[in-house]
Amino acid sequence: MAAAGKTIALIIGSTRTPRIGPYIHNYIKKEYLDPIAAASSVNLETVDLADHRLPIFDESVHPAGRPKDDPTSAYDHEHTRAWSALVRRYDGYVFFTPEYNGSIPAGLKTAVDALFHEWSGKPAGIVSYAGRGGASVAGHLRTVLNVVGLKVVPTAAGVPANAKTLASFKDEGKPRDEDLQRWADAKVTENSKALLGEIIAQLNEAAAL
């Protein structure tokens with residue numbers, strides 16, 4: 001398959017403490033995404049924004065004004081150059097995002113807005129999580145990602161989760177049975193697998209052009 005050997009970043013979009021994001025990411029990656037990736041010989045790598053705390057935009061030029069072929073070296077600051085170099089390594093992305101007051105976490109929005117050409121033309125998917133699954137943040141994030149040129153796949157996964165879900169992950173290493181039932185009702189398994197499959201399909205189509 002043409003997508004074989006490609007690498008997709010799984011971006012954890014929360015930097016809060018405490019946070020459930022890494023637990024949601026780890027569970028979905030292991031249970032749903034890893035088998036799909038293995039079947040297509042695609043690599044998955046985790047990028048945790050807690051390790052890349054970018055300041056609110058502090059560059060002298062809009063990222064779209066940087067050279068398209070090599071924007072990295074043109075940035076003013078080392079933190080932007082490092083983030084640019086990391087993002088450019090990947091062929092596609094899955095964004096794991098919580099819903100904060102109905103929308104996108106500031107740290108995730110800053111990380112997306114810091115770049116432009118690095119994202120453009122690549123496939124992306126969204127896994128949201130919130131009390132009711134995060135449909136609002138998924139819609140807002142889809143708009144933002146489309147504007148920076150990412151090709152967001154149709155399917156998104158919305159994961160119902162709350163403080164009790166976090167406590168169960170911490171205490172038991174897994175979600176509660178009640179959580180799993182809510183996830184089944186929300187088709188988290190099917191949608192997580194489908195969105196990665198759609199990203200891989202885009203990579204296959206791009207390679208065939």
Side-chain angles (χ1 to χ4, degrees), residues 3 8-40 42 44-50 92-109 111-112 123-146 150-203:
I8 297 168
L10 309 181
I11 299 178
I12 300 175
S14 171
T15 60
R16 267 186 183 173
T17 301
R19 58 182 181 149
I20 196 173
Y23 295 103
I24 297 289
H25 158 277
N26 292 344
Y27 190 92
I28 288 180
K29 178 179 184 295
K30 178 181 177 182
E31 298 295 329
Y32 311 144
L33 303 185
D34 280 345
I36 302 297
S40 299
V42 167
L44 302 178
E45 291 186 5
T46 300
V47 175
D48 190 343
L49 289 188
Y93 312 90
V94 178
F95 293 85
F96 287 76
T97 180
E99 183 174 290
Y100 290 171
N101 299 323
S103 194
I104 306 166
L108 176 55
K109 182 67 162 59
V112 174
I126 299 170
V127 177
S128 61
Y129 53 93
R132 296 183 179 179
S136 179
V137 66
H140 292 181
L141 183 57
R142 180 180 294 274
T143 297
V144 171
L145 299 182
N146 282 329
L150 284 162
K151 297 180 178 180
V152 186
V153 298
T155 302
V159 184
N162 54 35
K164 292 182 178 179
T165 314
L166 175 58
S168 181
F169 271 119
K170 286 184 173 180
D171 296 340
E172 307 294 335
K174 61 182 181 179
R176 303 169 299 158
D177 290 342
E178 299 97 309
D179 294 314
L180 292 175
Q181 182 57 57
R182 294 177 71 200
W183 295 9
D185 294 341
K187 300 187 182 302
V188 172
T189 301
E190 296 91 332
N191 291 339
S192 297
K193 292 179 178 180
L195 72 86
L196 183 58
E198 290 166 8
I199 290 172
I200 292 170
Q202 280 199 34
L203 293 174

A.B. asks: Do Ile8 and Leu33 make a side-chain contact, defined as non-hydrogen atoms from C-beta onward lying under 4.5 Å apart?
C.D. replies: no
A.B. asks: Report, as yes or no, whether the 6.0 Å neighbourhood of atom CG on Asn101 holds more than 12 heavy atoms from other residues, nucleotides or ligands.
C.D. replies: no
A.B. asks: What is the distance from atom CG of Leu145 to atom CG of Leu150, rounded to the nearest 0.5 Å?
C.D. replies: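 Between Leu145 CG and Leu150 CG, I get 5.5 Å after rounding to 0.5 Å.
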A.B. asks: Identify the heavy atoms of Leu195 and Gly125 that sit nearest to each other, and give their distance.
C.D. replies: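 Scanning both residues, the minimum pair turns out to be CD1-CA, 4.2 Å.
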A.B. asks: Do Arg182 side-chain atoms and Val159 backbone N/O form a donor-acceptor pair below 3.5 Å?
C.D. replies: no
A.B. asks: Taking all atoms of both residues into account, what is the closest heavy-atom pair of Ile199 and Tyr93, and its distance?
C.D. replies: CD1-O, 3.5 Å
A.B. asks: Check the pair Trp183, Tyr32 against ring pair (Phe, Tyr, Trp, His ring centres under 6.0 Å), reporting the backbone distance first and the verdict last.
C.D. replies: CA-CA 12 Å; Trp183 295 9; Tyr32 311 144; 7.4 Å; no
A.B. asks: As an exercise, state the distance from CD1 of Ile24 to CG of Asp179, rounded to the nearest 0.5 Å.
C.D. replies: 8.0 Å
A.B. asks: If I take atom CG from residue Leu141 and atom OG1 from residue Thr97, how far apart are they, to the nearest 0.5 angstrom?
C.D. replies: 5.5 Å
A.B. asks: Under a 4.5 Å cut-off applied to non-hydrogen side-chain atoms, are Val94 and Ile28 in contact?
C.D. replies: no
A.B. asks: Of the non-hydrogen atoms in His140 and Ser103, which two are nearest, and what is the gap between them?
C.D. replies: ND1-OG, 2.8 Å
A.B. asks: Is there side-chain contact between Ser192 and Glu31, with at least one heavy-atom pair below 4.5 Å?
C.D. replies: no
A.B. asks: Less than 3.5 Å apart, any donor N or O on the side chain of Thr165 or Asn162 sitting next to an acceptor on the other?
C.D. replies: yes
A.B. asks: With a 3.5 Å cut-off and no angle check, do the side chains of Asp177 and Gln181 form a donor-acceptor pair?
C.D. replies: no
A.B. asks: Starting at CG of Asn191, measure out to CD of Glu198 and round the result to the nearest 0.5 Å.
C.D. replies: 9.0 Å
A.B. asks: State, with a plain yes or no, whether a side-chain heavy atom of Pro98 is found less than 4.5 Å away from one of Val137.
C.D. replies: no
A.B. asks: Report the residues that fulfil salt bridge (charged side-chain N to carboxylate O under 4.0 Å, His left out) with Lys109, sequence neighbours left out, ordered by chain and then residue number.
C.D. replies: Asp113
A.B. asks: Can you name the closest pair of heavy atoms from Ser14 and Arg19 and give their distance?
C.D. replies: O-NH1, 2.6 Å
A.B. asks: What closest approach, in Å, do Leu196 and Ala37 show between heavy atoms, and which atom pair accounts for it?
C.D. replies: CD2-N, 4.1 Å
A.B. asks: If only atom types and distance count, is the side chain of Ser168 paired as donor or acceptor with the main-chain N or O of Lys174 below 3.5 Å?
C.D. replies: yes
A.B. asks: Considering all heavy atoms of both residues, which atom of Val188 and which atom of Pro160 are nearest to each other, and what is their separation?
C.D. replies: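 Smallest interatomic distance, heavy atoms only, reads CG2-CD, 4.3 Å.
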A.B. asks: Under the criterion side chain to side chain contact (heavy atoms under 4.5 Å, CB included), which of Leu44, Asn26, Asp48 is the partner of Leu10?
C.D. replies: Leu44
A.B. asks: Look at atom CZ of Arg132 and say whether more than 12 heavy atoms of other residues, nucleotides or ligands are closer to it than 6.0 Å.
C.D. replies: no
A.B. asks: Please answer whether the main-chain N or O of Ser136 pairs with a side-chain N or O of Glu99 as donor and acceptor at a distance below 3.5 Å.
C.D. replies: yes
A.B. asks: Check side chain to side chain donor-acceptor pair (under 3.5 Å) between Tyr23 and all other residues, then give those that pass, not counting sequence neighbours.
C.D. replies: none
A.B. asks: Measure the CD1-CZ distance between Ile12 and Phe96 for me, rounded to the nearest 0.5 Å.
C.D. replies: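 The distance works out to 7.5 Å.
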